[in-house]
Every structure is written in structure tokens, then in C-alpha cells.
Protein chains: 2
Amino acid sequence: MNQGLLQYGCYFETLRENILFADLPNDSLKTLLEISKNQIWPKKTCILDSDHTLHRFYIVISGKIKEYQYEINQNKELIQNILIKNDFFNICTLLKGHASRLFYEVLSSSELIYISMEDMRLWMDENPKIIGPIVNYLVKKTEKLEDRVFDLCSMDTSSRLAKLLIENFNIKTNKIELINGLSNSILAGLIGTTRAVLNRHLQDFKAIGILNIEGGNIEMINLPLLFHKLQVLSEKPPHEKEFLPNLS
Amino acid sequence: MNQGLLQYGCYFETLRENILFADLPNDSLKTLLEISKNQIWPKKTCILDSDHTLHRFYIVISGKIKEYQYEINQNKELIQNILIKNDFFNICTLLKGHASRLFYEVLSSSELIYISMEDMRLWMDENPKIIGPIVNYLVKKTEKLEDRVFDLCSMDTSSRLAKLLIENFNIKTNKIELINGLSNSILAGLIGTTRAVLNRHLQDFKAIGILNIEGGNIEMINLPLLFHKLQVLSEKPPHEKEFLPNLS
DNA sequence: CCTGAGCTGCTACCTGGGTAGCAGCTCAGG
DNA sequence: CCTGAGCTGCTACCCAGGTAGCAGCTCAGG
């Protein structure tokens with residue numbers, strides 16, 4: 001692999017689609033592939049040590065990977081993301097150097113390419129155009145996380161489940177994508193609850209006629225009703241603050 | 001104010017301390033001050049419209065400002081940050097252009113300087129060194145938010161309160177800073193609960209002998225005990241996952 | 001000086017969701 | 001073919017925390 005992955009056209013095509021590299025010329029992608037290596041992780045591979053994550057930047061080519069947080073004392077796990085094709089991870093370590101506290105577990109056999117942190121940093125110095133998309137990505141991520149914190153504080157579990165389902169519903173295909181077929185405990189980890197409670201609400205949605213569930217497959221039956229579930233949280237008196245106008 | 005705030009040395013000194021501008025030469029700060037204006041916001045000023053936040057980038061010079069999220073339907077507010085000297089806000093809007101969903105309320109009379117978004121963007125183009133610190137700031141913020149999401153899912157309210165107190169405790173001065181003197185409802189907003197529940201736990205801490213509370217002032221009496229409160233969450237069986245080693 | 005807004009400390013009540021446990025199903029591996 | 005791991009659907013129980021309401025305090029403004 002002296003030439004890295006340059007010979008594999010499919011990798012090049014995949015990078016071309018990646019929002020991170022959209023602005024970059026083909027030559028930059030080629031030099032990136034020259035310093036890349038590929039790897040296949042079978043289902044259930046767990047990346048718990050910081051060795052991988054401290055020294056390598058990963059881009060997902062195919063498969064499905066769970067990015068999660070876990071603390072030994074509190075026996076609870078929270079899933080931050082389900083990573084699929086064109087996602088990447090470890091960008092915070094790449095930019096700041098210290099280890100992240102995120103873990104990874106492969107949900108379905110995945111192919112990845114990785115670049116060593118040092119190589120990636122050198123490459124970034126030579127391809128400063130990458131900064132724009134990175135900043136964009138970070139801003140988006142920040143805003144998503146802020147919303148997530150707020151949701152956890154202000155919405156009950158069934159509303160958070162409703163939101164999760166809606167966010168992953170594709171109107172065109174009329175299907176729930178990405179999270180469909182995942183186990184109850186993974187869905188629970190995505191909205192910050194336990195398997196039992198999640199299942200309780202799923203059964204509830206099924207009983208009302210919002211969803212149909214069979215064999216791990218969730219099918220949308222009544223989307224408007226699901227939206228209703230999301231909105232009728234509480235119709236309380238509105239925000240009443242005095243607004244002192246701009247003084248300057 | 002044709003010359004902006006250039007004449008005010010104190011602003012210059014303050015910018016000099018700001019982590020965002022640490023790497024920048026004096027000249028850059030001067031040109032920044034030339035396009036800046038200042039403003040004083042009295043206590044209880046509320047910035048609820050996106051007009052301010054959409055068109056201006058703010059830097060706090062003095063005072064205390066609450067940065068929070070609020071949704072009319074759910075009558076609940078979550079405080080994302082207490083901003084003081086050297087904090088700034090609206091950087092996401094600055095970088096991406098769309099309005100943020102954060103609101104601001106002045107807790108104690110504050111002085112700010114602001115720069116119009118267009119001017120600030122032009123200035124950034126001319127001072128590209130600013131990008132490094134911005135990326136740093138975003139990465140830190142992302143990681144903080146990830147932790148916060150996890151805390152909300154995995155810790156109970158009294159542990160989150162303990163954590164809040166510890167994070168704001170200054171060992172040197174032996175005092176709780178920043179959040180001390182704030183009302184119960186603001187403290188509640190910071191950890192995602194309600195005033196009643198927050199007060200319940202505060203009284204609990206007082207009864208155990210961790211804190212002393214009088215007249216809105218919280219005094220630390222037994223820090224180790226507070227740490228204990230934080231750690232004894234649950235001592236459950238450890239993470240037991242199979243770790244399939246790297247295959248490549 | 002009074003008055004009322006806003007805060008604290010507290011009680012009493014209720015419920016959403018966390019916990020535990022189990023039967024039955026599927027499905028991969030031997 | 002069987003076996004067991006892992007999943008689902010479900011029941012029953014319990015408690016942390018959300019809700020409501022109130023008395024008493026402080027303090028700024030008239």
C-alpha cells in the first residue's frame with residue numbers, strides 16, 4: 001500500500017461526495033488518498049481504547065457505526081450518532097490533539113479509510129481550503145447539540161421518540177431510514193432512555209395507529225398523528241418578558 | 001463614533017485578554033476597534049428578536065448575561081451559558097449566516113462592544129489568523145455540549161447540581177464564583193430542572209453540611225462531601241464488551 | 001412611610017419513567 | 001438437528017422529580 005488507496009476509484013468517488021471535501025480540487029483528494037489506508041471492521045467490533053481514535057482520522061465508506069458515550073460508574077450509555085457512508089469521526093482530536101471520550105461500535109460490517117493524524121495535519125496545512133467546510137461542520141454540530149440539550153430538558157420521552165422518528169422519516173420513500181431495524185436498546189440510547197421505556201412508547205404509538213411494528217421493522221402509518229404527538233406537549237401561557245428596546 | 005472605539009484604551013486591553021484574539025497583532029485589534037461600537041444594557045434587558053443577533057457580533061466587556069433557549073409551547077427555559085467579561089456571542093450566526101435560536105437577558109448591567117456582521121466578516125478575511133482560535137473555541141464548545149447531553153441522560157438532579165457547584169468553585173478564593181448570588185430559578189435553568197426541585201436539593205446539601213446558604217449567598221463548607229455526592233451515583237457492574245482487535 | 005413584585009423555603013400530591021423480571025420468539029453456530 | 005444468546009413485549013413496582021400553592025422575607029419605587 002505504498003501508493004495508499006489511489007488505485008481504488010470508488011474511494012475517490014466517495015470522497016468527492018463528502019461535504020468536507022466538496023470545495024477541494026481533484027488533486028487534493030488524490031494526495032489525500034495517497035496517505036490513506038483502508039480497513040474493514042466486522043459487526044460488533046468495539047473501539048474502546050483511545051489509541052485508534054487518538055492517532056487516526058476515519059472516514060466511513062460503508063456500513064453502520066454507533067458513536068456513543070459511556071461512563072463505567074453510571075451504567076448508562078448515550079448514543080451521539082449513527083455513522084454511515086460519508087460520515088467521519090475524530091475531527092475534534094484532529095483539531096485539538098487530545099483524546100475524545102467517545103466510543104465506537106460497529107453495528108453492521110463497515111469499511112473505513114483512515115489517515116494518521118500527523119499526515120492529516122500536514123495535508124491540511126497544504127490544503128487550507130478544508131478549513132471552511134470544517135468550520136461549517138462544527139457550527140452545525142454545535143447547534144444540533146444545543147437543540148439536543150434543550151430537547152432532553154423540555155420534552156418528555158414520547159415526544160423525543162416522535163421527534164427521532166420524524167427526523168429519520170423519508171417522505172419520498174415513505175420509510176423510516178437509518179434507524180430502522182436497530183434494536184430497541186439502541187433506539188433508547190439515541191433519545192436518552194432505557195429499553196423498557198422506549199418499547200412502552202413504541203407499543204403505545206402502535207396501539208394508537210401511528211406505526212406498525214413487525215420483526216424489528218417500523219413502518220409509518222399515520223404521520224400527521226405522530227406530528228400531533230410531538231406538538232401537543234403542553235399548551236401553556238406564552239413567554240412574557242418585558243423587552244427593553246435597543247438604547248444606542 | 002467615526003473612529004469607532006479606538007480612543008478607549010480599556011477596550012483594547014480587554015480584547016488583548018480575549019482568547020479569540022490572543023494570536024493577533026495589535027494592529028489587527030486596532031482595526032477591529034475602528035469598526036466597533038459600544039453599548040450599555042441595563043439589568044433585565046431582553047434580547048428576544050433575531051434582529052440584534054442576526055446582524056451583530058457581540059463581545060462582553062462587563063456585567064453578566066444569561067444565554068438561554070426557550071420554546072413557547074413548552075413553558076421551559078434552559079440556560080446554555082452565563083456570559084461575563086471576555087465572552088462573546090453569535091459566532092455561529094457570524095460563520096453561517098442564519099439566525100440562532102438563543103435568547104439573551106441581562107442579569108446585571110452590562111457593557112458590550114459590537115461589530116456589524118458584514119464588517120466583522122470583512123475584517124476576518126483580512127485577518128485570517130482569527131480562524132485558529134475560532135476553531136479551537138468551536139471544538140471546546142462541541143465537547144462541552146456532548147458532555148452536557150450525557151450528564152442530562154445519566155446523572156440525577158442532585159449530582160448535576162453537585163457538578164455545577166464544583167465547576168464554579170474556586171479553590172484559591174474558597175468561594176463559589178460566577179453562579180453565586182443568582183436566583184434559584186436561574187440555577188435550575190442551568191441544570192435543566194425546576195426551581196422547586198433545585199431548592200429541595202440545595203436544602204438537602206445544607207442539611208448534610210455541605211453548604212451554608214444565607215441571603216442568596218452559597219458558601220462551601222465541605223467540598224469532599226460534595227465530591228462524594230457526585231461520585232456515589234451508582235456502582236454498577238462495569239462495561240463488558242468484547243473487544244475485537246484491529247484487523248489490518 | 002407603605003405597597004407590591006419577586007424571591008425563598010416549605011408542604012403535599014401525582015405521575016412519568018426507571019427497574020426487575022419473565023415468557024416467547026428468532027436465528028446463528030455447532 | 002438442537003442450543004443458547006439476544007431480542008421483544010409485557011407486567012408489576014417504586015421513586016425522583018415535576019406541579020401547585022402558600023407564608024414570609026427583602027427591597028425598590030412611589
Side-chain angles (χ1 to χ4, degrees), chain A residues 42-44 74-78 105 107-109 151-162 179-189 191-207 211-218 229 232-237 240-242, chain B residues 42-44 74-78 105 107-109 151-162 179-189 191-207 211-218 229 232-237 240-242:
Chain A
K43 198 171 169 178
K44 292 198 180 176
Q74 311 134 246
N75 187 29
K76 210 161 182 190
E77 88 173 33
L78 176 81
E105 181 184 333
L107 300 179
S108 63
S109 178
D151 288 351
L152 278 168
C153 291
S154 63
M155 295 163 72
D156 60 21
T157 311
S158 74
S159 305
R160 296 204 307 277
L161 174 58
I179 59 164
N180 205 351
L182 299 180
S183 74
N184 283 3
S185 37
I186 291 182
L187 296 181
I191 59 171
T193 184
T194 55
R195 186 197 61 94
V197 176
L198 175 107
N199 185 270
R200 193 184 295 162
H201 289 295
L202 268 186
Q203 297 307 321
D204 188 37
F205 285 0
K206 183 179 172 185
L211 305 171
N212 199 9
I213 308 171
E214 38 187 327
N217 187 52
I218 302 174
K229 204 81 190 168
V232 182
L233 300 154
S234 58
E235 284 165 12
K236 296 260 175 91
E240 15 166 296
K241 296 258 180 186
E242 46 188 316
Chain B
K43 197 171 167 176
K44 293 198 180 179
Q74 311 136 243
N75 187 28
K76 211 161 183 191
E77 89 174 32
L78 176 81
E105 181 183 332
L107 300 178
S108 62
S109 178
D151 288 351
L152 278 167
C153 291
S154 62
M155 296 163 72
D156 59 22
T157 311
S158 74
S159 305
R160 295 204 308 276
L161 174 58
I179 58 163
N180 205 351
L182 299 181
S183 75
N184 283 4
S185 37
I186 291 183
L187 296 181
I191 58 172
T193 183
T194 55
R195 184 194 67 88
V197 176
L198 175 109
N199 185 270
R200 192 184 294 162
H201 289 295
L202 268 186
Q203 298 306 322
D204 188 37
F205 286 0
K206 184 179 173 185
L211 305 172
N212 199 10
I213 309 170
E214 38 187 328
N217 188 51
I218 302 174
K229 204 81 189 168
V232 182
L233 300 153
S234 58
E235 285 166 10
K236 296 261 175 89
E240 18 167 296
K241 296 258 181 187
E242 47 187 314

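Hydrogens, waters and symmetry mates are skipped; everything else that's a heavy atom, side chains included, is used.
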Quiz prompt | Short side-chain to backbone donor-acceptor contact, A:Asn184 and A:Arg195, under 3.5 Å | solution = no
Self-check item: Donor-acceptor contact present, side-chain A:Lys76 to main-chain B:Cys153, <3.5 Å
Solution: yes
Interatomic distance where [atom1] belongs to [X] and [atom2] belongs to [N] [whole Å]:
| X | N | atom1 | atom2 | answer |
| --- | --- | --- | --- | --- |
| B:Lys44 | D:dC27 | NZ | P | 14 Å |
| A:Asn217 | D:dT8 | CG | P | 13 Å |
| A:Leu107 | D:dG6 | CG | C1' | 15 Å |
| A:Leu187 | C:dG17 | CG | C1' | 17 Å |
| A:Asp204 | C:dG17 | CG | P | 11 Å |
| A:Phe205 | D:dT8 | CZ | P | 17 Å |
| B:Leu211 | C:dT8 | CG | P | 15 Å |
| A:Leu198 | C:dG16 | CG | P | 17 Å |

Under a 3.5 Å cut-off for both distances, is [N] Watson-Crick or wobble paired, and to whom?
| N | value |
| --- | --- |
| D:dA23 | C:dT8 |
| D:dA16 | C:dT15 |
| D:dA28 | C:dT3 |

Practice problem: Quick one: pull up CG in B:Asn180 and CG in B:Asn217 and give me the separation to the nearest 0.5 Å. | Solution: 4.5 Å
For residues [X] and [Y], report the shortest heavy-atom separation together with the two atoms involved.
| X | Y | result |
| --- | --- | --- |
| A:Asp204 | A:Lys229 | OD2-NZ, 3.9 Å |
| A:Leu202 | A:Ile213 | O-CD1, 3.8 Å |
| B:Arg160 | B:Asp151 | CD-O, 3.8 Å |

Quiz item: What is the per-nucleotide protein-contact pattern of nucleotides 9-17 of chain D, from the 5' end, where B denotes a base atom under 4.0 Å from a protein heavy atom, S denotes such proximity for sugar-phosphate atoms only, and - denotes neither?
Solution: BB-B----B
Self-check item: 4.5 Å side-chain heavy-atom contact, B:Met155 and B:Ile191
Solution: no
